[in-house]
Amino acid sequence: MIEIKNVSKSYPNGVEALFDVNIHIGKEEFVFIVGPSGAGKTTLMKMLYREELPNSGTVIVDRINVTELLPEQVPYLRRAIGVVFQDYKLLPRRTVYENVAFALQVTGAARSQIRRHTMQALELVNMLKRASSFPEELSGGEKQRVCIARAIVNNPTLLLADEPTGNLDPTTSWEIMELLDKINRRNTTVLVSTHNKSIVDSMKRRVVQLEGGRIMRDQQLGSYNQV
Amino acid sequence: MIEIKNVSKSYPNGVEALFDVNIHIGKEEFVFIVGPSGAGKTTLMKMLYREELPNSGTVIVDRINVTELLPEQVPYLRRAIGVVFQDYKLLPRRTVYENVAFALQVTGAARSQIRRHTMQALELVNMLKRASSFPEELSGGEKQRVCIARAIVNNPTLLLADEPTGNLDPTTSWEIMELLDKINRRNTTVLVSTHNKSIVDSMKRRVVQLEGGRIMRDQQLGSYNQV
Amino acid sequence: MKLFGDIEFFVVEAFRGVRRSGVMSLVAIGIVTVSLFIFGLFLLFMVNLGNMVAEMGTRLDIVAYVEKAVTPDEAAAITEKLSHITGVEKVRYVSREEAWRSFRDDFTQKLDLATIVGENPLPDSFAIKVRTPDILPKVAEAVAQYPEVDEVRYSGKLIKQIQTLIDALRLGGMVLVVLLFFATLLIVVNTIRLTVLARETDIYIMKLVGATRSFIRWPFVIEGVLIGVLGGLFGILILKPSYDAVTNRLQVGLPFLPLMTDKFTLNVIYLVVGISGMLLGMLGGYISVSRLLKEK
Amino acid sequence: MKLFGDIEFFVVEAFRGVRRSGVMSLVAIGIVTVSLFIFGLFLLFMVNLGNMVAEMGTRLDIVAYVEKAVTPDEAAAITEKLSHITGVEKVRYVSREEAWRSFRDDFTQKLDLATIVGENPLPDSFAIKVRTPDILPKVAEAVAQYPEVDEVRYSGKLIKQIQTLIDALRLGGMVLVVLLFFATLLIVVNTIRLTVLARETDIYIMKLVGATRSFIRWPFVIEGVLIGVLGGLFGILILKPSYDAVTNRLQVGLPFLPLMTDKFTLNVIYLVVGISGMLLGMLGGYISVSRLLKEK
Ligand SMILES: Nc1ncnc2c1ncn2[C@@H]1O[C@H](COP(=O)(O)OP(=O)(O)OP(=O)(O)O)[C@@H](O)[C@H]1O
Ligand SMILES: Nc1ncnc2c1ncn2[C@@H]1O[C@H](COP(=O)(O)OP(=O)(O)OP(=O)(O)O)[C@@H](O)[C@H]1O
Ligand SMILES: [Mg+2]
Ligand SMILES: [Mg+2]
C-alpha cells in the first residue's frame with residue numbers, strides 16, 4: 001500500500017524534518033508512528049497525501065507515485081486517503097454536519113448517500129447531537145472527533161490519523177482506537193501517529209519510531225518505548 | 001486565590017456547559033481538572049480570565065470579582081493570569097519570539113526586560129532555537145510549547161494550563177509538568193486540565209473531576225479515576 | 001458528470017459563503033455599490049454633457065433668405081417643403097418685419113439705425129433647425145437647391161469650433177469612461193479578492209480533503225457574481241432617485257439646460273451598471289480564487 | 001506611561017502589520033490608489049469646468065461709448081483711467097472706424113447696409129474686460145461715472161444666464177465633490193476594514209493575552225494611515241502625469257479651451273488627495289478596529 005523510499009525532506013527555512021526514510025506498509029496493516037515532538041511524524045504523513053513533496057526519494061501510495069503526480073490528479077489521491085489532522089483543520093464557517101459532508105460532496109456523491117454516510121460517521125464518533133454546531137462552539141475533544149468523522153466518512157483505502165486522541169479522555173480515546181481498529185479490519189490501511197503510551201503498549205501493533213527525522217525502530221507487535 | 005460560587009453557564013446555542021459549580025482554590029495549590037470530552041473544563045477556565053461570563057454565580061480571582069469587572073479592567077486581570085490555551089491561539093503573523101514577547105509588551109515592560117524574559121521562557125520549553133519561526137512552521141508539540149512559554153513569561157500569579165501536554169510525547173510532557181510544578185512552588189497557583197492519566201496518577205495533587213458540567217469529585221492527593 | 005446537481009451545489013455554496021462571511025460580505029457589497037454608483041453617475045454625466053453640446057449645436061439656425069417678399073400661403077408652402085429635407089428638425093418663417101424688429105431690438109439701442117436707414121432693408125427668411133450640428137453644411141446645401149431660396153447663411157466657424165469641442169468631448173468622454181470602468185474594475189475585483197483572501201485557509205483545507213480546483217472555484221465565482229449583482233442593484237437603487245432628483249431640480253432652476261431624460265437611454269445606462277457589477281464580480285471571484293488555487 | 005516608547009512600538013507594529021499581511025496590504029493600497037486617483041481626477045475636472053465657465057463669463061465685454069471722437073492721446077488717457085476700476089482686467093480702445101468695419105463684416109453679408117447707410121454712424125468706444133462676470137454690473141456703473149463716457153452697454157440677459165450656469169455648476173460641483181469624497185471615504189474606510197476583519201482572530205487573541213484596547217487599536221490606525229498615505233502617494237503619482245499629458249494634448253487640439261495649469265492650484269489639489277488618503281486611512285483603521293474591540 002505504502003512504499004517510502006529514501007525520502008528526505010527539509011523545509012524552506014532549513015529544518016531537516018526527514019532524513020533518508022524507508023518504510024513499506026502493506027494493505028492490511030495498522031501502524032503506530034511514535035517519536036518525540038518535532039520528530040517528523042506529521043511531515044511523514046504530509047508526504048503521503050502530498051501536502052509536501054520530498055526533496056529526494058519516492059513515495060508510492062496504492063500504486064500511485066505521489067511524487068510524480070500532476071496537480072490535477074492530487075484531489076483524487078486525497079479522496080482515497082482519510083486524514084485526521086493534528087490541528088483538525090475544520091472549515092470555520094461550516095457546521096459539524098457540513099464539514100463532514102464536504103468530504104463526500106467533493107467526490108460528487110448523491111445527496112441521499114451524503115446524508116446517510118455523514119450521519120453514520122457522526123454517530124460513530126458520538127457527535128450526531130452537535131451536527132448543527134459550528135467548530136468554534138465545540139470543545140477540543142469534540143473538534144477532534146468531528147475531524148475523525150470526516151476522515152472516515154468516505155471509506156478511504158488509507159487512513160492517516162495524526163495524534164487523533166491528543167484531546168480526548170482515556171475512555172473516548174479507547175473508543176476511537178477501537179473504531180480505527182474496526183476500520184482497519186474492514187480492509188483499510190491505518191497509520192496512527194500518537195504520544196499515547198498506554199494505547200500503543202496495549203494494542204501491540206507495528207510501531208515505527210522516528211527521531212530527528214530518522215527511523216530509529218520499526219518493530220512488529222511493538223510498544224511505545226524500545227524494550 | 002480562586003473562589004467559584006454557584007456558577008452555571010449555558011452557551012447561546014443552549015448547551016449547558018457548567019451547572020452550579022463551587023470550587024475554592026488556595027494561593028499555593030496545584031489542581032488537576034479532569035473529565036471526559038465536553039465536561040466543561042475549558043469553560044471553567046474561561047470563567048477565570050473572563051472570556052465567558054457565567055449566567056449565574058460569582059467568580060473571584062485574587063480578590064477581584066471577575067463577574068463584575070468593567071471592560072477596561074479586563075486586560076489587567078488577564079495579565080495576572082497565564083493561559084495555555086487548548087488550541088494554542090498563537091498569532092499567525094508573528095514569530096515564536098514575537099508571540100511570547102507580546103505578552104510582555106502589552107504590560108509596557110522595558111525592552112531589555114522583554115528580551116531577557118522571552119529568551120528565558122523559550123529556553124525553559126526548549127524552543128529557543130525556533131525563535132524566528134512562524135507558528136505554521138512548527139509541529140503540534142512545538143506550538144504547544146510556545147504557548148506554554150507565553151503563559152509563563154510574565155510570571156503570572158495564576159497559571160491556567162488547558163491540556164498542555166495533548167500533543168507532547170511522554171518525556172516532554174513530564175518536563176513540562178515539572179516546569180509547572182516548579183512555577184507552583186514559586187508561589188503561582190496552577191490549574192491544569194488534562195486527560196493524561198499517568199501524570200495525574202503519579203503527581204498526587206488535588207483533582208477536580210467534572211462531568212456534564214457538574215463537579216463529580218474534588219479530592220486532595222487524587223488520581224485520574226475515582227478509586 | 002451530474003452537471004445540474006453540481007451547479008445547484010455551487011449556487012447553494014455561494015449563498016452560504018455570502019451569508020456566513022457576514023460583515024465581510026456586507027462591506028464588500030457596500031464598496032461595490034459605491035463604485036458602481038460613481039461609475040453610473042459618471043456615465044449619466046457624460047451622456048448629459050454630450051447631449052448638451054449636441055443640443056448647443058442644434059440651436060444654431062440655418063437662415064434661408066428669399067429674394068422677394070412671400071405671401072403667407074407661399075411661406076407655408078416653403079416651410080412645408082424645407083421641412084422634408086433629411087435632418088431638418090424645424091422650420092420657422094421669419095417675415096421681414098419680424099426680422100427688422102428683432103434686428104432693431106438687438107442692435108440699435110445706441111446707434112439709432114432705424115432713423116438712419118429709414119426703411120426696412122431686410123428680406124423675408126426661414127430659420128431652419130437641424131437635428132445634429134454635423135449635418136448643418138449638408139442641409140444648408142440642400143436648402144440652397146430650392147428655387148425660392150436666394151441665399152443661405154450659417155456660421156461655419158462657430159460650427160467648426162463646436163464640432164471640435166464635440167469630438168474632443170466624445171473622445172475624452174470615451175477615454176474617461178474606459179478609465180473609470182477600469183478603476184471600477186480594479187476596485188470591485190480587488191474588493192472581492194480581499195473577501196476571498198480572508199478565506200485562504202478554507203480553500204487550503206478544501207484542497208486537503210480532495211476538492212478539485214473547479215469544485216472550489218465555482219462557488220467563489222458565483223459568490224463574486226452575487227456580490228457584484230447586489231452591489232449593482234443597490235448602486236442603481238441609489239443612482240436612479242439621485243438622478244431624478246437632480247434633474248428635477250435643475251430643470252426648475254435652469255430650464256434651458258437640455259438634460260437627458262429619455263427613459264430608454266436611462267434604462268440602458270442602469271442596465272450597463274448592473275451588468276458591469278455582475279461581470280466584475282465574476283471576474284473578481286475567478287481571478288482571486290485562481291491565484292489561491294495556483295499556489296502549490 | 002512611556003509614551004514615546006509606546007508610539008515607537010505602535011509604528012513598528014503597523015509596519016510589521018502591513019508587511020506581514022502581504023498581498024492583502026498590496027490589494028488594499030491598490031484600491032485606495034484607484035479611488036484617490038478618481039477623486040483627484042474629478043477634482044481637477046471640476047476645477048477646470050469652473051475655470052472654463054468663469055473664463056466664458058470674462059469674455060463678455062462691457063462697451064463704453066464716448067460722445068465725440070477722441071484723439072489717440074485722449075484714448076490712451078481714458079484707457080488708463082478705466083483700467084484702474086477694481087475688477088477690470090483689460091481695456092481696449094475701439095475706434096469708430098474699426099467698429100464700423102467689424103459691424104459691416106458681421107452683419108452685411110446679405111443686406112448691403114453699408115450702401116444703404118452710406119456713412120459710418122458709430123461712435124468711438126472702449127471694450128472693457130472684467131475679472132469675473134458677477135461684478136459686471138458694478139464695473140459698468142463705475143465706468144458710467146466717467147464724464148468722457150456717454151453710454152455703457154453689456155448684455156444683462158446673457159450674463160444672468162451665465163451667472164445661473166456658474167452658480168449651478170458651483171453648487172452642483174460642490175455637491176458632487178462632497179458626494180465623491182464620501183464615496184472615496186466609504187471605499188477607503190471599508191477596504192481597510194476588510195483588511196482588519198481578516199485579522200479578527202489576531203485581535204481576539206491579543207485581547208486574551210491582556211492587551212488594552214488602545215494598545216491593539218493604535219497599530220491598526222497607523223496601519224490605516226500607512227495604507228492611506230501610500231495609496232494617496234501612488235494616486236498622485238498616476239494623477240500628475242495623466243493630467244499633464246491630457247492638458248498638453250488638449251492645448252494643442254483645442255487652443256481656445258482655458259485649461260487650469262496653475263502650478264500652485266494643482267499642487268494644492270494633489271496635496272488634498274494625499275491628505276485625504278491619510279485621513280481616510282486613519283479613519284478606516286480607527287473605525288474598523290473599534291468595531292472589533294467593542295464586541296464583548
Ligand atoms: N511548514 C514547515 N516549515 C518549516 N518547518 C516545519 C514545517 N512543518 C514542520 N516543520 C519542522 O519540521 C520538524 C518536524 O515537524 P513535524 O510536524 O513532522 O513533527 P512531529 O513529529 O509531527 O511533531 P509533533 O509530535 O510535535 O506533532 C519540526 O522541527 C518542525 O518544526
Ligand atoms: N462557544 C461555545 N458555544 C457553544 N457551545 C460551546 C462553546 N464552547 C463550548 N461549548 C460546549 O460546552 C460544552 C463544554 O465545553 P468545554 O470546552 O468546556 O469542554 P471540555 O471539558 O474542555 O472538553 P475537551 O476535553 O474536549 O476540551 C461542550 O459540550 C461544548 O460543545
Ligand atoms: Mg505532528
Ligand atoms: Mg477543553
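Chain naming here is simple, since letters A, B, ... match the order of the sequence lines and numbering starts at 1 in each.
- Put simply, of L168(A), T172(A), T171(A), the one with the most heavy-atom pairs under 4.5 Å next to chain B is L168(A).
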D218(A) and R206(A): CA distance, side-chain angles, deciding distance, salt bridge (charged side-chain N to carboxylate O under 4.0 Å, His left out) verdict: CA-CA 7 Å; D218(A) 186 346; R206(A) 178 174 169 192; 2.9 Å; yes
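- For V15(A), the part lying under 4.5 angstrom from a heavy atom of chain B is the side chain only.
- Of the residues listed (N99(B), N167(B), D162(B)), the one engaging Y88(B) in a side chain to side chain donor-acceptor pair (under 3.5 Å) is N167(B), and it is the only one.
- With chain B as the partner, the residue from K41(A), K143(A), R130(A), K197(A) showing the most heavy-atom pairs under 4.5 Å is R130(A).
- Top candidate by heavy-atom pairs under 4.5 Å with chain A, chosen from G141(B), G35(B), S37(B), is S37(B).
- If you check the side chains of Y97(B) and S133(B), you find no donor sitting under 3.5 Å from an acceptor.
- Judged purely by distance below 3.5 Å, without hydrogens or angles, the side chains of N6(A) and S8(A) never pair a donor atom with an acceptor atom.
- Interatomic distance, T95(B) OG1 to L90(B) CG, rounded to the nearest 0.5 Å: 10.5 Å.
- Looking only at heavy-atom pairs under 4.5 Å with chain A, the residue among P12(B), G38(B), S139(B), G166(B) that has the most is G166(B).
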